[in-house]
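Written below as structure tokens is the structure these notes are about.
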There are 2 protein chains.
Amino acid sequence: MLSLTEENYLKAIYHLSDGGNRSVLTNELAEAMNTKAASVTDMVKKLSAKAVISHEKYYGVNVTSKGKSEALMVIRKHRLWETFLVQKLGFAWDEVHEVAEQLEHINSARLIEKLDEFLGYPKVDPHGDPIPDNKGKLKILPQIAIDQLNIGYQGKIAAVKDSDSNLLKYLDKIEARPGTKIKILGKEDYDGSMEILIADHRIFISKEVSQNILVIE
Amino acid sequence: MLSLTEENYLKAIYHLSDGGNRSVLTNELAEAMNTKAASVTDMVKKLSAKAVISHEKYYGVNVTSKGKSEALMVIRKHRLWETFLVQKLGFAWDEVHEVAEQLEHINSARLIEKLDEFLGYPKVDPHGDPIPDNKGKLKILPQIAIDQLNIGYQGKIAAVKDSDSNLLKYLDKIEARPGTKIKILGKEDYDGSMEILIADHRIFISKEVSQNILVIE
DNA sequence: GTAAAAATTTAGATTAGTCTAAAAAAATAT
DNA sequence: ATATTTTTTTAGACTAATCTAAATTTTTAC
């Protein structure tokens, strides 16, 4: 049983480690958690004692397989709640994160199963991120940012990165949402900006924006 | 801003004081909160400092008007979530309390307004308890338990007391739900048991059960 | 109206999560 | 390869919420 704080640390470790593919350093985690390195060291000891991460002193932490599945359960809850907030309550895209951060810690297996059913067993959340199933399995979709694509590419937006609420507002405004048709019309070598066709209207976007729009690879 | 624990204490004080109509003693509160009197005394100091209750040493606590409206907001959230769990997710009556106890502490005014709208602005929760409005106003319904009624009374169940999950299971089984028609057929002087007609079928209930079924007075 | 019982508060300690400052280890730079 | 810088850990302290045991106040009982 993890406390709310422990769950948040574990989730951050999971994300920073890219789903368990690399180890996470104390300072990285301190920055992500908006706290101090000393606090991280303390918490790392607690999480190690609970066997959800392993810690090699001075060299960072890794999530264990137990930790991975616990993290995925929290992520499952987060993404299901985000889907609920957008699809059922009519929240905008960029408004859901903070609330979902709270809701993800509600403890009731039955609630999550019922919610999943109520939402029609969605596979992805409103940003296009995959929702882990009730066994803690995550289907990783092979995605690529559109700044990597060539002129002439046509397809559908699969997901957008949801790191920043202002970015999300902008993406919503230009209708860059999962499922929307997209075509690469032009690319400027100098600054990497692009001209694209989204939902049948032409628009110029900066390289930074293009790095946050993903399609299936 | 109250902590989760402070919210729970305040809610308990509100309920024990009958919505602020009498003062609450330390031991009462300790029993309700499943804690020790000494812990209550400590918490009472914190809540007094936050001006949601007033405390006269050795004579108990009273909710202030600020405390009353804060308690009602928590109750509003609790009852809206219970309504959601039953009406939208298909939870049974007796399963909702524990989950709603967690959900009531989610902090987002927008969420509650959206949820209220999504549910169609319900006036009462699944047990028939009134839902405070977004101004923190509670419409108190004049209710009376059916053990107080005379033979021949006919009406509709307005609410049931939701103190005990086993009672709720039983009430659900006999279809004693808010809105159901009810008629008093007979009353045994010896033990106070009753024969009643609920949703057109006759049933005998004990005095204890009859004290938990309420109609509009 | 005082003595015993019950209720409440205070005192001092504990745990979770956090902090600052100091110590220790690792990385780096010449 | 040694000194400096950076990163991490340890040590010691703080707050919130809790506890036990002791002290205090109120109530009750004769």
Side-chain angles (χ1 to χ4, degrees), chain A residues 1-17 22-64 67 70-71 74 101-102 104-107, chain B residues 1-17 22-63 67 70-71 74 98 101-102 104-107:
Chain A
M1 232 348 17
L2 299 181
S3 74
L4 188 146
T5 311
E6 288 168 340
E7 272 188 5
N8 282 331
Y9 270 91
L10 178 59
K11 194 176 47 134
I13 294 167
Y14 180 87
H15 284 310
L16 289 172
S17 71
R22 50 180 135 284
S23 39
V24 176
L25 301 174
T26 302
N27 270 355
E28 269 185 273
L29 192 45
E31 189 180 4
M33 296 300 296
N34 249 297
T35 185
K36 298 301 159 73
S39 309
V40 169
T41 301
D42 288 345
M43 183 52 75
V44 156
K45 282 180 192 158
K46 287 176 199 167
L47 292 174
S48 295
K50 294 194 176 183
V52 293
I53 61 173
S54 62
H55 181 214
E56 210 183 328
K57 258 193 183 181
Y58 292 101
Y59 288 94
V61 299
N62 285 88
V63 284
T64 63
E70 297 218 15
V74 178
E101 285 289 299
Q102 295 182 61
E104 73 188 7
H105 301 291
I106 302 292
N107 222 305
Chain B
M1 231 355 10
L2 299 180
S3 73
L4 187 147
T5 312
E6 288 169 341
E7 272 189 5
N8 281 331
Y9 270 91
L10 178 59
K11 194 176 48 136
I13 294 167
Y14 179 88
H15 284 310
L16 288 171
S17 71
R22 49 181 137 284
S23 40
V24 175
L25 300 174
T26 301
N27 270 354
E28 270 186 272
L29 192 46
E31 188 179 4
M33 295 300 296
N34 250 296
T35 186
K36 299 299 159 73
S39 309
V40 169
T41 301
D42 288 344
M43 183 52 76
V44 156
K45 281 181 192 157
K46 286 176 200 166
L47 292 174
S48 296
K50 293 193 177 181
V52 293
I53 62 173
S54 61
H55 181 214
E56 211 181 330
K57 258 191 181 183
Y58 293 101
Y59 290 93
V61 299
N62 284 87
V63 283
E70 298 218 14
V74 179
E98 198 194 323
E101 285 289 300
Q102 294 182 61
E104 74 189 7
H105 300 291
I106 301 292
N107 220 306

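So that the names make sense, note that chain A is the first sequence line, chain B the second, and so on, each numbered from 1.
Across all strands, A:Thr26 comes closer than 4.0 Å only to sugar-phosphate atoms, never to a base (heavy-atom distances).
Scanning for side-chain hydrogen bond (donor to acceptor under 3.5 Å, both in side chains) contacts around B:Gln102 gives an empty result, with sequence neighbours left out. For the salt bridge (Lys or Arg N to Asp or Glu O under 4.0 Å) test, no residue two or more places apart in sequence or in another chain qualifies with A:Glu70. When the side-chain contact (heavy atoms from CB on, under 4.5 Å) test is applied to A:Ala30, the partners found at least two apart in sequence or on another chain are A:Val40. For B:Glu6, the side-chain contact (heavy atoms from CB on, under 4.5 Å) test picks out B:Leu2, B:Ser3, B:Met43, B:Lys46, B:Leu47, B:Lys50, with sequence neighbours left out. In this view, B:Ala12 and B:Leu29, B:Met33 satisfy the side-chain contact (heavy atoms from CB on, under 4.5 Å) rule, not counting sequence neighbours. Partners of A:Ala38 according to the side-chain contact (heavy atoms from CB on, under 4.5 Å) rule, which considers only residues two or more places apart in sequence or in another chain, do not exist here.
Of the residues in residues 51-63 of chain A, A:Tyr58, A:Tyr59 come within less than 4.0 Å of DNA chain C through at least one heavy atom, sorted by number.
B:Val52 places none of its side-chain heavy atoms less than 4.5 Å from the side chain of B:Val63.
Under the side chain to side chain donor-acceptor pair (under 3.5 Å) criterion, no residue pair touches residues 55-64 of chain A, with sequence neighbours excluded. Sorted pairs that involve residues 26-39 of chain B and meet salt bridge (charged side-chain N to carboxylate O under 4.0 Å, His left out), not counting sequence neighbours, are lacking altogether.
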For nucleotides 15-20 of chain C, print each protein N/O atom paired with a nucleotide N/O atom at under 3.5 Å, atom names and distance only.
residue : atom : partner : partner atom : Å
C:dG17  : OP1  : A:Ser3  : OG           : 2.5
C:dG17  : OP2  : A:Lys46 : NZ           : 3.4
C:dT18  : OP2  : A:Tyr9  : OH           : 3.4
C:dT18  : O4   : A:Asp42 : OD2          : 3.3
C:dC19  : OP2  : A:Thr35 : OG1          : 2.5
C:dC19  : OP2  : A:Lys36 : N            : 3.3
C:dC19  : OP2  : A:Ser39 : OG           : 2.5
C:dC19  : N4   : A:Asp42 : OD2          : 3.4
C:dT20  : OP2  : A:Lys36 : NZ           : 3.2

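Mapping heavy-atom proximity under 4.0 Å, the span of DNA chain D touched by chain B runs 5' to 3' from D:dA16 to D:dT27.
Look at B:Asn27 and you won't find any side-chain N or O under 4.0 angstrom from OP1 or OP2 of C:dA6.
Nearest heavy-atom pair, A:Asn8 versus A:Glu101, reported as atom, atom and distance to 0.1 Å: OD1-OE1, 4.5 Å.
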